[in-house]
S.K.: 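Got a structure for you, questions after.
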Amino acid sequence: MSNNLGVFSKAGVRWLLKMAWRDGKASGRRLFLFMASIVLGIAAVVSIQSFSDNLKQNIALQSKALMGADFIIDSRQPANERVVEIIDSLGGADGREVNFASMVAFPKSGATKLVRVRGIEGGFPFYGKLETEPLSAAKKYQDGGGALVDATVMLQFDLNVGDSIKVGEITLPILGALESAPGDNAISSSVAPSVIVDYGLVQGTGLLQKGSRLEYNYYFVADANTDLNKLDKTIDPILDAENADLDTHTSTSQRLGRRYENVGKFLNLVAFIALLLGCVGIASSVHIYIKEKLRSVAVLKCLGATRKQTFLIYLIQIAGMGLIGGIIGTIAGLLLQQVFPLFLQSFLPFEVQLSFAVQPIIMGLLLGVFMSVLFALLPLLGTWYVSPLQVLRVQEDASLRSRKATVLVLSAIMLFIFAFSYWLLDNLRFALAFVAGILVTFSILGGIAVLFMKGIKRYFPSSWGFLARQSLLNLFRPNNQTMVLILAIGVGAFLISTLYFTKDILLAKATLEKQDQSPNLILLDVQTAQKESVAKSITLKGLPILDNIPIIAMRMQRINGRSVDDIRLDSTSTINQWILNHEFRVTYRDSLVSSENLVAGEWIGSASPNTLIPISVAENVAGDSQVVVGDSLVFNVQGVLMNTRVASIRAVDWSRMQPNFSIVFPSGVLENAPQFHVLSTNVPNRTASAELQRELVGKFPNVTIIDLRQVLVIIEGILDKISWVINFMAFFSILTGIIVLIGSVRTSKYQRIKESVLLRTLGAKSAQILKITALEYLYLGVLGSGIGILLSLISSLLLAKWVFETTFVPSWVPFGLLLPGITILVLLIGLGNSRSVLNSPPLEVLRKEGS
Amino acid sequence: MTKILNVRNLGKIYTSGSKKLTVLDDISFDITEGDTFAIVGPSGSGKTTLLGLCAGLDRPDSGSIELCGVSLTSLSEDERAVLRNQKVGFIFQDFQLLPTLTALENVSVPMELQGSKNASKIAIELLDKVGLADRRHHYPSQLSGGEQQRVALARAFSNTPAILFADEPTGNLDEETGEKVVQLLFDLNKDAGTTLVIVTHDLDLAKRNQHILRLKGGKILVDENTLVS
Ligand SMILES: Nc1ncnc2c1ncn2[C@@H]1O[C@H](COP(=O)(O)OP(=O)(O)O)[C@@H](O)[C@H]1O
Ligand SMILES: [Mg+2]
């Protein structure tokens, strides 16, 4: 008796390939559906993955445009030897700037203005551009022939191109109006509008020597694969010691707030969900496909094929399909990615620069083969245990299926999903949570499908009419697809509505951020006596007063009893030096504002007499000065000492475009201290802004005006684009999900046809068959999508809390639109599946579909 | 004379739920090489079960079966598959052609499994013998029932089996077509000396065999171990 291997070598691999090919060739339309699922799944994953890669790059480009470079090194003094060494080790700076605040004069009117003079050298900006009027001025100034002057200043002082400006000891012609410039939005430090000149001219102004506060910036363009965060972590501490600082574009754009951070997470989520949708499509169609092959497997076994041979025939077939589907899907995905911007051109808020990433291509091919084989393994295991006796009669399948093998395959699938999510999210905890979430979702859906089948079996409504009973019966007859379809519909609905909810979560936040009219013109140094009349000037123009905040300057005198002089001398102290030297700008009020959140202690809004003054300290300042709630601080306000205790610690969202404070006093203490005020308003456009500024400059020469409008426009622009991206990707993925669902339900066609034909043969009318089919799919649709959507409530809640760190208010759309939508879709496809039965004689159908 | 099939005290019990159903009870018989052998009995008497056990498609609960001198109970699933491939041919009531393979490919499969080089040449000859050489590229769904059964016949003989099991081979065919198929079966038995085991409820067909085994309720009713013709 020859053993396994003996026979195997007789009918070798070539025969297996031949059988796989023969069988595949004749399974035409069924395989086509299966292939379509793979192609769709892969195309979705590849296009979404590469498009979102593109989008991420584009958004990164935007954030680079805010800085004008990938990273900068800045320093308050010309780079010393050590810093030069570091700059050289980084390949040398690509651009250089020195800037300082200075009064400039406009000879035409004799007016003077505090500006920030920026001397620039090299190709800066490397991202984004200097926007000037005329355009050519952006290049011309580097020849050293003149200056670019802030556009609002030009309006304010009625200046034109060709007029001159006196900077220190030199007088230059104005080459153009500067509308926006990268790196011009360091809001906290820029109290003055910009004047840009060539670096070489700065020396001649004679202003470098006068002990003014200089800032030197060295601009760098990084290689595509430089890890900026790592760079920041390794180099910044070294530079710190030299009083220099490294800043990356990522840290700049982080200041854009949560929506910006979340878009990356969202795009990852979308890619992940696209993959899962692909899996659902492939898994359900391969499952149904293999199930239909079980009889052929039994026949082959009767003819003497071994388990290994029958198993391999179909494994080869599926792997081949997966590879072909992977190739077609990848190509389709890449084409789709190319087409997106083409037909979206007019909607796209920015130009998408397409690039071919190799990663999604390789991924598409691997996914094609891996996903098909992995998901085929489970039903294929069935072929291993198919008894040849099945040829003689239909047996309950799977009864013999090995637990161990099933668990093994399921673990492999989970591992695969885990590996993918880990690769995508780069976060072990999230990846594990995602896999667990999917596991739970599947179990719940599967469990409900089983309960449902058992339930109708036990409490079968025998009093129902024939059609209703028949359609219910179909759900638990042998070889039913109730489980597969409920899983496919359920998981599909779950993913689609999770996406929908997530999109809502992110966009709800966006509208909130946009809703409140944020201040864009800030007036500093308004004296108490001027306050009323300044406010009047603003309101007379029909503009709102958004903030009117008192500010008192003070310095730290003692921290927990130790004087700052002591601490300064103590080399072991870990209290940050800047705390000891900083002039704090402090305000007082009786309540928290929207950008603040209490993290420790208790907010006390008013001081009571004869006790330490309860103050609130921002988290970062508390950290740097090493104080906790209850500690005592003594401040020096122009010689008067204020004894305070830290009553609370606040988290401050510094990204909000509004005056924020590290230290807040309660009301009732500082009202009579020498103070000045910050007023803010919102001006609708540049002309209104210039008009107001002109008036204020004339009436109150001591008031400093900061025009945030340009910066805000840039930032709003970026956030708008991000909202658009979120909307687009969400809807594209939802569309994909729906197509995958169509594929899954469509694959159930062949099994249904036999049933329908039988009914037809027994004399059922078209309307009856239609009703039975419709009811059956109605049950499946309602059950699957209903549970899917309910589960997505939980997943969205978790995503909101843990991933996007925001709140979740579910909308009715998934229930009101997705639930009936998906159900009707399922129903229509189901009816479509029976169409061929209705239009032709039963025998013809049986013969045609039999192959 | 060599016994090609030797069945001793065979028993088979199906358990569905908590109920036990004895389908075959203490069956013993043997078949001589080259003989024709009929198993008859009413529907549900256990004929198909018996056939499945004899061909090694299932395992008995008690008793032993020796096929071509090999004890089936001692073989693994795959070893039994190999034995089937080398010694056994099958005919089923509902034909059981592989729907995705053409007539020619269906007939070739058992030979290809043995690693035969000229499988399709022999397959064409066999199809010619059953009168279907010109339909060789048709798929089963394009053939009538009788034609499908003749293809199944060609397939059953393609590996020149020592023994051929036929489970109600004419059950799904009209009388005339059925007769054609039966005639082919007996011809091939005569020409190649293949042992025939035919399960049928058609007594006329049974009587054309050398031996008849009557089953009822899982037990042997009468063992007419006598020559009929
Ligand atoms: N898998 C099974 N589980 C339970 N009972 C079965 C199973 N297969 C067959 N039977 C029962 O065994 C008996 C014999 O069946 P079978 O051998 O097909 O009879 P026959 O071929 O003579 O009509 C029948 O009563 C049938 O119901
Ligand atoms: Mg039978």
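Order of the sequence lines sets the chain letters (A, B, ...), proteins ahead of strands, with each chain counted from 1.
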S.K.: Dump the intermediate steps for side chain to side chain contact (heavy atoms under 4.5 Å, CB included) on Gln309(A) and Leu113(B), then the final yes or no.
M.R.: CA-CA 9 Å; Gln309(A) 285 171 323; Leu113(B) 271 169; 3.3 Å; yes
S.K.: Rounded to the nearest 0.5 Å, what separates atom CD in Gln114(B) from atom CG in Leu303(A)?
M.R.: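 Interatomic distance, Gln114(B) CD to Leu303(A) CG, rounded to 0.5 Å: 11.0 Å.
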S.K.: Before giving the answer on side chain to side chain contact (heavy atoms under 4.5 Å, CB included), spell out for Gln96(B) and Arg295(A) the whole-Å C-alpha distance, their side-chain angles and the decisive distance to 0.1 Å.
M.R.: CA-CA 9 Å; Gln96(B) 297 292 0; Arg295(A) 180 154 277 255; 2.4 Å; yes
S.K.: Let me see the working for Arg22(A) and Val109(B) under side chain to side chain contact (heavy atoms under 4.5 Å, CB included), right down to the final yes or no.
M.R.: CA-CA 11 Å; Arg22(A) 277 172 179 169; Val109(B) 166; 4.2 Å; yes
S.K.: First locate atom OG of Ser296(A), then atom CG of Leu97(B), and finally report the distance between them rounded to the nearest 0.5 Å.
M.R.: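 Atom-to-atom, Ser296(A):OG and Leu97(B):CG are 10.0 Å apart.
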S.K.: Is the backbone N or O of Lys301(A) less than 3.5 Å from a side-chain atom of Arg84(B), with the two atoms forming a donor-acceptor pair by type?
M.R.: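 The answer is yes, because a donor-acceptor pair under 3.5 Å joins these two groups.
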S.K.: State whether Glu112(B) and Arg14(A) are salt-bridged, where the test is any N-O pair (Lys NZ or Arg NE/NH1/NH2 against Asp/Glu carboxylate O) under 4.0 Å.
M.R.: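 Between Arg14(A) and Glu112(B) there is no salt bridge, as every charged N stays at least 4.0 Å from the carboxylate O atoms.
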S.K.: Give, for atom OG of Ser108(B) and atom CH2 of Trp15(A), the distance between the pair rounded to the nearest 0.5 Å.
M.R.: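 Those atoms lie 10.5 Å apart.
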S.K.: Answer yes if the side chains of Thr306(A) and Asp78(B) hold a donor-acceptor pair under 3.5 Å, and no otherwise.
M.R.: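 There is no such pair (donor and acceptor under 3.5 Å, judged by atom type) between the side chains of Thr306(A) and Asp78(B).
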S.K.: Given a strict heavy-atom distance threshold of 4.5 Å, which part of Arg155(B) is in contact with chain A: side chain, backbone, both, or neither?
M.R.: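 Only the side chain of Arg155(B) comes within 4.5 Å of chain A.
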S.K.: Could you give the distance from CG (Leu98(B)) to CG (Leu300(A)), rounded to the nearest 0.5 Å?
M.R.: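 Taking CG in Leu98(B) and CG in Leu300(A), the distance rounds to 5.0 Å.
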S.K.: Could you check whether atom NZ of Lys12(B) has more than 12 heavy atoms from other residues, nucleotides or ligands sitting under 6.0 Å from it?
M.R.: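 Yes, because the 6.0 Å sphere around NZ of Lys12(B) holds more than 12 heavy atoms from other groups.
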S.K.: Report, as yes or no, whether the 6.0 Å neighbourhood of atom NZ on Lys25(A) holds more than 12 heavy atoms from other residues, nucleotides or ligands.
M.R.: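 Yes - once you tally the heavy atoms of other residues, nucleotides and ligands closer than 6.0 Å, there are more than 12.
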S.K.: Which heavy atom of Phe90(B) sits nearest to which heavy atom of Cys302(A), and what is that distance?
M.R.: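 Minimum heavy-atom separation between Phe90(B) and Cys302(A): CE1-O, 3.5 Å.
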S.K.: Just wondering, do Lys293(A) and Thr100(B) contact through their side chains at under 4.5 Å, heavy atoms?
M.R.: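 Yes. Closest side-chain heavy atoms under 4.5 Å.
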